[in-house]
Amino acid sequence: MVIALAHGVGLLALVLLAYRLLLSRFGGRRSFGPLSGLLFGAAAILSMMDAFPVADGVIVDLRNVMVALAGVFGGWPAALTAAAVGSAYRLWLGGAGVATGLIGMGLTGLAGVLAAPLLRRNGREPGFRPLVLFGLLVAPLTLAPFLVLPAWGPAEILQRLGLPLTGFTVLGIALLGMMLAREHRRVGDERALARSEAMFRAVFDHSIDNLFIGKIAGDGAFILQRGNAAAFAAMGTTAEQAQGRSPDAFLPPDVAAKLADDLRVCIDSGGPIRFEDKDTRDGVTRYWEVSLVPIRDADGTVAMVSVGARDITRRHEAERAIRESEARYRLLARSVSDVIGRVGVDGVRRFCSEAVRDSLGCDPAELVGRPLTERMHPDDRAAVTDGLGRMTPTSPTMKSTYRLRHADGHWVWIESAVRLVADDWGAPLEFVSVERDITARKVMEAELQDARRAAEAANRSKGEFLASLSHELRTPMNAVIGFADLIARESEGPIGNPFYKDFATNIRDSGQHLLELINEILDNVRAEAGQLVLDDEVVDLEQTATFAVRLLTPRAGRAGIALTAAVDPAARHLRGDEKRIRQILLNLLTNAVKYTPAGGRVSVGAALDADGGLRLEVRDNGMGIAEQDMGRVLQAFGRVESAANRQVEGTGLGLPLTRRLVELHGGTLSLSSTVGQGTTAVARFPASRVADESGRFAVPATPPLSSWAPLSILMVEDDQTIRETGTALLRSWGHRVVAAAGAGEALVVLRSPETLDLLFSDIVMPPGMNGAELAREARRLRPGLPVLLASGFAAHAVVADDAAQAGFDQIAKPYDAAELQQRLDRLRPSGSGAPAGGSAEAPARVERPVPPPPPPPAPAPPRPVAETAEGLRILVAEDVEMNRMLVVTILKQLGHRVVAVEDGAAAVAAVRRHAFDLILMDVNMPVMDGLAATRAIRAMVPPANATPIVALTANTFPEDVAHCRAAGMTGYVPKPIDRKLLMAEIARSVVPPPAPRPGLEPELGLNGKGGPAT
């Protein structure tokens, strides 16, 4: 066995030599595994040729060692190849141990493959101890196959084969494995060295610095060992001419001598040295930064010197320019009144200009070297320090305001502009600041702030006064107009003398006119604040002109003025706010009558212009207006001062408000006048406002045609006329439209598989959920669905605010064709070319001019109460006795049963005792106001908390309407009470909602605040 082991050692040496050659030639390639497997397989065959015979046909050798190491160093390709080659030869040998040999090679090869990741962890080659442990692991695998021999038992196998096999296996794996691992490490080191040298050569040869290495010869002379291309170019030579030669052979004598001196200084110092030098050639001076580093041999003697030279000519020029710039900067700093300073990144002042003497009364030297925040007010230090800390090269500027202490102790306000200065690599160098004394400006700002607060307080007082004035005036006007209307309608029986009926009509109309004068004052205030909101309806100009003429006829008759009106039938109907159009006409006629002398003429006419617009004209032959005063009369409170004008009373509010009202309708107001001949006032309305009797546009317009594919739109509108006209318009543009009359129908569509690209809904849709709530539900059912909400009434204020806060897009009624097209373009789903996945093909676009969408028609006259609500039990809460009597009278004439109380507390108590179908609630009442009473009722248990509550109030500002809605009121009727409006609101509030559709839950609440559905 010893002789066989000695032979095995020789085999290991042979394998090592062959493996070294193989690893050097094929290491790292894919072919290395199979080739190393052939090598280990051949070694296994040689081992079996010189094996140690144990019994007849049973031999012991190093084949298992070879197969195991093949798996460790070559992976599974090597182990498989080595086992296959060795197994083939063992089959050829034959004998009783063939099966034993084949099994042993298979097991040891598998063990090598499995143990390789552990032995070569992290790419490191295994050491002696892991290899010994691996050999001890493999030894039992070489013994186990002998169990298949029928003649041998375990004890005999251990006795006869345990020692030789274990020795062969452990020693063979340890010795050969160590040598193979060493070869792997040697080859790896050689390759790493080659890579390092290649990197060094790449850096050395391609560096823009001049680099070369000088070798010290035996006689102390210097020989150029190696240099890069930049060095040879700077020296005016080539590598072939310079390498291996002394510098004086290829450099000018003075340059060579200087280089030799520098090299000797480096050798004598024994360490690296660095200095700057300059070189002048052909009249050009260049500056160099030179570094010399000695290179020592194994015994510590300096054998070579590495020389590096960098061209710093540009840096020298830049430094010179900086010095010159700094000199100019210091001169400039002494000349300006602002304080110019430099502050280090540590917050310490490095420079301060002379202007600091005027600002802070101290010498610049007192601030230089001191922290920037030293003289700063304690309340300002943190903000300035944090601001400086946040400055970066990408955000290098900061403006701040702070206070600095003057030399005499008082505080000076400073406005500072600071810029961060960084080097070429972005590292902060310092801060440059410009500080300006703004104490005088701060004093002025404080005075202006006090004045602004005083103006705001005065404005609030004015608003509160106007709101109070509006309420106080409307309250008695409610009784005047209301009772006059009851008399004029002979509601309590016929009046014997018909003149009394006319008198009552005149009282009612005059009261209405007085109310409109009150509104005119308030409207001017609203117009200045941009809070005027128009309703949209069909205005009959003939009826409006007749009303205005009839109202002013008594006054004109007393003055002997002829008053006439003529309305072209083609211009009879106009889309707009009827009350505002009447106000426009009354203001213009009133002015004409006031400034026309006795015997004069005033005429009003309406006709279409050549461009299709409507021209409303009021002409008089009165005193006229001078040309220089034309602009003044259109300003608020502007009056022309003359002897004739002083005899005419007026506030100067009519024409400015009239102009604003015309402009709100999209029109213009112009005046033309000649002194002594008269004045003509012309209100022009755009063609889009002209309508026919049904409310449709009479003059078609051509909206911009959209260039994108049609959309699938769900249009939700409770008004049938608006729904039908809007649907027709959208379809004429090529869109596919699904119409729904309310939120219930819309939810059915939203929950269906119907493809939709947009939800277009009205905001207020009685009964059921409002548009904002429907939009939120649509977003939940269909995430990402674009929503467009429509509203144009003041009563929608709360819901519109709710929609705006939720981020839904809104469009005002009446719809403008161009605006609607723009909204559709903006809300169109991105990337859609046609309705995505639509189940029905969208109709083709009609390439022809189409009329713009008609604004919604005027609210239809309220249906008779019998159609909607008859014989209701109504609670009226009103503190003013006349108003309470008026409301009760109207309600009783309509057939309702009425209970009247004087304040909110009594109303709450009445609701607790009895059930009511409707509550009419005044807002301003003693004991408990209407808002508090409404909240108390809403807090009751059902069904009392669901009783509809309609506000009766003289507070008509939009915020007042919003407060009523927020308190839980479901409707709003302004004072003076209009009988038709009151009837319509009662009918709307008490109509029960339709039965919920299958799968839909009934909706309750106003804006989600617990009130009954409207």
* Counterpart residues, ring pair (Phe, Tyr, Trp, His ring centres under 6.0 Å), relative to Tyr89 (two or more places apart) -> Trp92
* For Leu22, check side-chain contact (heavy atoms from CB on, under 4.5 Å) against everything at least two apart and list the hits. => Phe26, Phe32, Leu35, Ser36, Leu39
* Taking the six-membered ring for Trp and the full ring for Phe, Tyr or His, determine whether the centres of Phe73 and His184 are under 6.0 Å apart. => yes
* Asked: Do Trp288 and Ile312 come within less than 4.5 Å of each other through their side chains, counting heavy atoms only?
  -> no
* Asked: Looking at Arg286, Glu276, Glu289, which hits side chain to side chain donor-acceptor pair (under 3.5 Å) with His316?
  -> Glu276
* Asked: More than 12 foreign heavy atoms under 6.0 Å from CZ of Arg403: is that the case here?
  -> yes
* ring pair (Phe, Tyr, Trp, His ring centres under 6.0 Å) pairs, two or more places apart, involving residues 233-260 -> none
* To do: Side-chain contact test, heavy atoms from C-beta onward, threshold under 4.5 Å: evaluate it for Val339 versus Cys352 and give yes or no.
  => yes
* Between Thr280 and Thr285, does any side-chain donor sit less than 3.5 Å from a side-chain acceptor? -> yes
* Does Ser269 use its side chain to pair, donor to acceptor, with the backbone of Gly271 at less than 3.5 Å? -> yes
* To do: Indicate yes or no: at least one non-hydrogen side-chain atom of Ile295 is less than 4.5 angstrom from one of Val302.
  => no
* To do: Assert yes or no for the condition that the ring centre distance of Trp411 to His377 is strictly below 6.0 Å.
  => yes
* To do: Identify which one of Asp437, Asp338, Thr439, Val412 satisfies the side-chain contact (heavy atoms from CB on, under 4.5 Å) criterion when paired with Ser359.
  => Asp437
